[in-house]
Every structure is written in structure tokens, then in C-alpha cells.
Peer 1: 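Below you'll find the structure I mean.
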Amino acid sequence: MTDTTLFPQPARLEISGQPYALMKDARIIAEDRALGEALAGYLRPATGFALPVLAADGAASADNTIILEAIAASDSPEAYSLTASGTTLRLRAAHRRGFLHGFQTIRQLLPRQILSSEVVPGVEWTMPGLEIDDEPAFGWRGLHLDVGRHFFPLDFIKKFIDLLAFYKFNTFHWHLTEDQGWRIEIKKYPRLTEVGGFRAETVVGLSNSGEYDGQPYGGFYTQDEIREAVAYAEARGITIVPEIEMPGHAVAALTAYPQLGCRDEGYQVRRRWSIAKDIFCAGKDEVFTFLEDVLDEALALFPSEYIHIGGDEAPKDRWEACPACQARIQSEGLADEHELQSWFIRRIEGWLNARGRKLLGWDEILEGGLAPNATVMSWRGSEGGIAAANAGHDVVMTPNTYCYLDYYQSHDTDSEPLAIPSILPLEQVWDYVVIPEQITKEKRHHILGGQGNIWTEYMPESDHVEYMMFPRAIAIADVLWNHPQERNYAALVERLRQHLPSLDALGVNYRRTDEAASA
Ligand code: ACM
Ligand code: ZN
């Protein structure tokens with residue numbers, strides 16, 4: 001008999017009734033054929049069962065059926081319930097995403113060989129008899145991936161999306177533009193990827209080592225690939241939120257189109273990390289024409305309501321020295337360069353709002369005054385999120401102190417692969433409290449949820465991304481789904497000990513944590 005360890009932990013799970021057995025002659029009963037086929041697709045590779053999907057069942061008995069039962073709309077669009085007993089599995093949900101979460105629960109409850117991509121003979125596909133009623137605590141449960149510092153091909157993006165779905169995340173924040181590489185094809189500005197998608201070489205070791213590898217590096221996603229990723233994610237209940245960085249993290253774009261900077265020339269796609277002084281000029285109107293053209297193409301690719309415009313780490317040195325930027329400060333009656341950034345973001349927000357989209361930005365967008373409808377992603381701790389929520393703005397919490405999965409996983413950094421010099425062990429991730437006490441009760445609804453961030457300066461390979469993700473991303477998934485009041489780390493470790501072999505079955509590289517490794 002398999003155990004009932006689930007990540008994330010369901011809101012309510014009760015063992016009851018007969019054990020459930022999935023039989024070869026089971027039928028899937030589903031009004032929504034595509035949903036039924038999706039479940040059949042999950043169950044087929046390991047079992048070899050070709051389960052038929054029927055709109056209704058002529059048989060009088062529910063034996064050997066998996067019933068996907070649509071129920072009246074519920075408050076939580078992601079809620080589902082599951083009962084398993086005998087040879088009947090009944091999954092109820094009001095919305096597609098609820099069913100999709102239920103599929104992942106079924107995958108985690110069956111013997112873990114179900115995760116194999118090939119037939120596994122001799123397995124009894126059983127689970128304990130049980131009832132589950134489940135819904136998430138937060139509507140925004142995300143993971144971010146930086147593909148600017150290192151580029152990961154579409155195949156890995158799909159694997160990443162599959163893993164998000166497995167843990168009931170619903171948002172993939174795709175960080176697509178950086179100083180070190182522009183990764184999204186824009187038809188109107190082909191040099192963005194032709195030139196901006198590649199760097200001459202990459203620093204070896206930490207950013208200031210002074211040593212370079214001499215290897216040209218780059219890559220980008222075509223618009224066809226992006227459409228494929230968006231459709232792949234949507235089919236799995238995941239929204240992709242694209243990030244197009246402005247005004248900072250723009251050196252790759254400036255290398256392609258130098259007239260968009262304050263200096264007009266002298267740019268080179270960055271070969272090392274850290275913060276660049278060169279950013280988009282805020283004085284030239286053609287910068288806004290360019291950004292709106294780019295966003296126009298991004299909006300056509302990404303149906304996401306939220307569009308992330310970055311806004312972080314934009315030093316003001318160039319703006320201070322630029323006649324066009326200074327003229328803008330004068331003509332708009334702004335006090336300083338911080339207000340100029342605020343003016344910049346407001347202008348972009350107006351453009352996005354007029355097209356029915358919402359602007360999301362890192363917490364630096366608070367400096368110089370927040371755009372009227374902006375949503376803030378709080379990363380420099382929780383302070384930005386507290387200030388924004390108390391001012392009546394929506395917030396996504398991703399404090400670096402709990403959510404930065406590029407930090408070392410162990411205090412014993414010498415025994416870990418090179419990372420940015422900060423430390424975030426699993427135990428601390430597990431203490432992540434999404435809603436800080438400093439947010440007044442009546443403003444707490446502004447906290448949409450949270451996410452983990454994966455910055456890839458020190459992750460040239462996708463298996464290293466997986467290593468940094470896991471198991472920490474699982475703890476984030478659990479916190480965002482349940483937001484448990486009590487956090488028992490020993491219990492988490494024990495649950496992980498049960499669960500982590502599932503990642504082996506999925507072909508995922510993960511850190512075998514000191515305590516949770518010995519399954
Ligand atoms: C960030 O980590 N610069 C948002
Ligand atoms: Zn300028």
C-alpha cells in the first residue's frame with residue numbers, strides 16, 4: 001500500500017472506505033473530453049492502460065470508473081474534491097484548474113512508478129481509500145526562472161512547467177530580458193535577438209574574478225516556441241507571466257539599438273554579473289515607441305493579465321548626466337531621477353492598462369511614487385510589500401530572505417556548487433510567512449500570494465537549476481497552498497523522505513538534504 005504523503009498537503013484528507021484499485025478496464029467519464037484525455041494521458045505510459053474517455057456511462061454501476069464531475073461554481077476556482085474507494089475514483093471540481101490539481105493528487109497517491117514514462121510491469125495501481133477536499137490558501141503560487149544569464153531550451157521550459165504543475169503552482173514568471181542576453185524574438189526589432197541574444201564570453205567564477213571563458217554564448221526563443229510554451233503551460237493550468245525589464249537590466253537591448261540609451265554608443269552585451277549603470281534613456285520619446293512596440297508583440301504572445309516590467313536595480317548615474325533625461329525632469333516638473341523612474345513606470349502602466357493588462361514590478365517601483373494601479377513584487381525582504389499593501393496595492397511576496405533559490409542551500413558552502421554568496425537553507429524556506437504582521441487586517445487581501453525566484457548567474461546547466469530548485473521549491477509550494485500556522489520542520493523532513501523518490505522517478509536532479517536524503 002502506498003502512503004498518502006502529498007506535496008502540497010491537502011486542506012483535508014481522511015482515510016476512509018475500501019482501498020482503491022485502478023484496473024485495466026477502467027473508463028474515464030468526463031463531459032469535458034480534453035480533460036478526460038489529459039488524465040488518460042497521465043495514466044497511460046506507466047500502466048500501459050488505454051483508458052477510454054466517455055461523455056456518459058451506460059452502465060448502472062460506478063465500478064471501474066474514474067468520474068470527472070463538474071459541480072456548481074465555487075468560490076475557489078482551484079478547489080477540487082476526490083474520493084477513492086473500491087474501483088471508483090470520483091473527482092469533483094467547478095473549474096478546469098481544480099480538475100488539473102486533482103490529476104496531480106492522483107499521480108502522487110498512486111505508486112510512484114506511475115511517474116515513469118515507460119510501462120512498469122507488475123505494479124498494483126492502488127491507493128488507500130480516502131476523501132480529500134482541497135483548495136489553496138493563495139491565488140498566486142509562482143516560480144520565476146531567469147533565462148537571461150543562462151539560456152534554457154524549450155524542452156527544459158516544458159519540464160519546468162510540468163514540475164510546477166506537479167506541485168500545484170499556477171504561475172511561471174519568465175524573466176526574458178537581461179543585461180547578459182535578450183531571449184524573446186521581437187519581429188519589429190530583429191537585432192534584439194540577433195545581437196542582444198549573444199555575448200562574447202562569460203565570466204568564470206564570481207562576477208569580479210576578472211577571468212573570462214572565451215566562449216561565445218547565447219540563444220533565444222522564437223515566437224513560435226513561446227506560443228508553444230504558453231499553450232503547454234495553459235494545458236497544465238499554469239499562467240506564464242513574461243518579464244520585459246525596464247528601465248534597467250537593458251544592456252543587451254542597448255547593444256542591439258544603442259540610440260535607446262543615454263550614451264548612444266559603447267554598449268556590449270554584458271559578460272559578467274552585477275548591476276549595470278547603463279539603462280534605457282527616459283528622455284527620448286523613441287525609447288517609449290520601442291518599448292510599446294516590444295510590449296505589443298509580448299501581449300500578442302502572452303494572454304496573462306499581469307505583465308512584469310522589472311523596474312529593479314536601475315542606477316541613476318546615466319540619467320543624471322543625460323541632457324534628454326534632465327530635460328524630461330524639467331518638462332514634467334519632477335523633483336529628481338527617482339521621480340523620473342516613477343514617471344517612466346506610470347507611462348508604461350497607462351499604456352498597459354489601456355490594453356486591459358496590469359503592471360507588475362519589483363519593489364523599486366515604490367521609489368519616487370507608485371503607479372496608481374501597480375502590483376508590487378516584494379523581493380528586498382517584505383518591507384516593500386508591507387508598504388504597498390498598506391497603501392492599498394496588490395502584492396506578490398518573494399522576499400529574498402525566504403524565496404531566493406539561487407542562494408546556497410547549506411552553511412557548508414565549500415561542499416556546494418558555486419552560488420551567489422548568500423545562504424537560504426530548506427529550514428528557513430519552511431519558515432516563510434507570506435503575510436507579515438505589519439500588514440493591517442483590512443489590507444491582507446492585497447497579498448495575492450508568493451513565489452520562489454531562480455536567478456541563474458551560477459547555473460549554466462538545467463540539472464543545476466533542478467538542484468537549486470529542489471527540495472526548496474516543494475517547501476514553497478506547501479507554504480503557498482496551506483499557509484500552515486505551525487511549522488514542524490522534522491515533520492517536513494519526514495514527509496520529504498517519503499516523497500523525494502518521486503523526483504527520481506521524474507528524472508529530476510535534487511539536493512539530497514542531510515536529513516531528508518536517506519529514503
Ligand atoms: C532582483 O532580484 N533583482 C529582483
Ligand atoms: Zn537619458
Side-chain angles (χ1 to χ4, degrees), residues 144-157 159-160 174-186 189-222 225 243-245 248-261 263-280 310 312-315 317-318 404-409 413-422 453-469 509:
H144 147 290
L145 182 65
D146 163 19
V147 297
R149 275 53 176 266
H150 283 102
F151 174 75
F152 305 97
L154 184 60
D155 277 353
F156 179 69
I157 297 302
K159 183 178 185 184
F160 187 84
W174 203 358
H175 184 84
L176 285 163
T177 70
E178 257 309 334
D179 295 316
Q180 294 84 5
W182 181 284
R183 306 292 179 217
I184 170 176
E185 179 190 27
I186 300 295
Y189 300 96
R191 286 175 57 84
L192 282 172
T193 43
E194 285 169 11
V195 173
F198 297 86
R199 58 181 179 255
E201 55 185 352
T202 303
V203 70
V204 175
L206 290 172
S207 187
N208 57 2
S209 73
E211 192 187 331
Y212 292 84
D213 67 3
Q215 300 295 316
Y217 181 91
F220 62 91
Y221 307 101
T222 65
E225 287 179 313
E243 181 178 355
I244 309 289
E245 277 263 23
H249 292 277
V251 174
L254 298 181
T255 309
Y257 297 99
Q259 68 272 25
L260 301 176
R263 295 195 293 142
D264 281 337
E265 61 182 4
Y267 304 112
Q268 183 188 39
V269 180
R270 258 169 100 74
R271 304 169 302 145
R272 64 188 186 95
W273 323 125
S274 73
I275 300 173
K277 288 199 172 124
D278 288 306
I279 66 177
F280 286 120
D312 60 321
E313 298 178 330
D317 309 59
R318 299 292 182 253
Y404 267 43
L405 304 184
D406 56 333
Y407 292 6
Y408 280 104
Q409 303 190 60
T413 55
D414 287 345
S415 61
E416 291 291 315
L418 183 70
I420 196 157
S422 295
N453 293 340
I454 305 173
W455 302 100
T456 60
E457 286 93 333
Y458 303 101
M459 302 177 210
E461 304 294 340
S462 61
D463 62 356
H464 193 174
V465 172
E466 294 172 10
Y467 177 86
M468 300 302 277
M469 264 174 97
N509 185 32

Peer 1: Would you say the side chains of Tyr467 and Glu461 form a donor-acceptor pair under 3.5 Å?
Peer 2: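 Side chains of Tyr467 and Glu461: no pair found under 3.5 Å.
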Peer 1: Return yes if some donor-acceptor pair links the side-chain N/O of Asn509 with the main-chain N/O of Asp463 below 3.5 Å, else return no.
Peer 2: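 Checking the backbone N and O of Asp463 against the side chain of Asn509, a donor-acceptor pair under 3.5 Å is found.
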Peer 1: Looking at Arg183 and Gly197, would you say the former's side chain and the latter's main chain have a donor-acceptor pair under 3.5 Å?
Peer 2: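 Yes.
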Peer 1: Applying side chain to side chain donor-acceptor pair (under 3.5 Å), name anything that partners Ser209, two or more places apart in sequence or on another chain.
Peer 2: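 Partners of Ser209 under the side chain to side chain donor-acceptor pair (under 3.5 Å) test: none.
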Peer 1: Contact between Trp182 and Ile244 at the side-chain level, heavy atoms closer than 4.5 Å - yes or no?
Peer 2: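 Yes, side chains in contact.
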Peer 1: Side-chain contact, heavy-atom cut-off 4.5 Å: Glu178 with Glu245?
Peer 2: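 A side-chain contact under 4.5 Å exists here.
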Peer 1: Are side-chain heavy atoms of Glu457 and Ser207 found at a separation under 4.5 Å?
Peer 2: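 No. Closest side-chain heavy atoms not under 4.5 Å.
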Peer 1: Is there a side-chain contact between His150 and His464 in this structure, where contact means two heavy atoms from C-beta onward sitting under 4.5 Å apart?
Peer 2: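 Answer no - side chains too far apart.
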Peer 1: Does some side-chain heavy atom of Asp406 sit less than 4.5 Å from a side-chain heavy atom of Asn453?
Peer 2: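 Result no, sub-4.5 Å side-chain heavy-atom pair not found.
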Peer 1: Report the relative orientation of the aromatic rings in Trp455 and His144; use parallel for angles under 30°, tilted for 30 to 60°, perpendicular for over 60°.
Peer 2: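 The arrangement is tilted - the two ring planes meet at 30° to 60°.
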Peer 1: Kindly indicate whether the side chain of Val203, heavy atoms from C-beta on, has any atom under 4.5 Å from the side chain of Arg271.
Peer 2: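 They are not in side-chain contact.
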Peer 1: Are any non-hydrogen side-chain atoms of Trp273 and Thr202 less than 4.5 angstrom apart?
Peer 2: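 With C-beta onward as the side chain, the pair touches.
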Peer 1: Is Arg191 reaching over with its side chain to a backbone N or O of Ala256, donor-acceptor style, under 3.5 angstrom?
Peer 2: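 At least one qualifying donor-acceptor pair exists.
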Peer 1: Tell me whether His249 contacts the main-chain N or O of Thr177 through its side chain, where contact means a donor paired with an acceptor under 3.5 Å.
Peer 2: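 Looks like no, no N/O pair under 3.5 Å.
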Peer 1: Test of understanding: with ring pair (Phe, Tyr, Trp, His ring centres under 6.0 Å), list the residues that count as partners of Tyr407, not counting sequence neighbours.
Peer 2: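 Here the qualifying residues are Tyr404.
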Peer 1: Do Leu206 and Tyr458 have side chains that approach each other closer than 4.5 Å (heavy atoms only, starting at C-beta)?
Peer 2: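 Yes, at least one pair of side-chain atoms sits under 4.5 Å.
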Peer 1: How are the rings of Tyr221 and Phe151 set relative to one another: parallel (under 30°), tilted (30 to 60°) or perpendicular (over 60°)?
Peer 2: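 Tilted.
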Peer 1: Going by ring pair (Phe, Tyr, Trp, His ring centres under 6.0 Å), name the residues that satisfy it together with Phe156, two or more places apart in sequence or in a different chain.
Peer 2: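 Partners of Phe156 under the ring pair (Phe, Tyr, Trp, His ring centres under 6.0 Å) test: Phe152.
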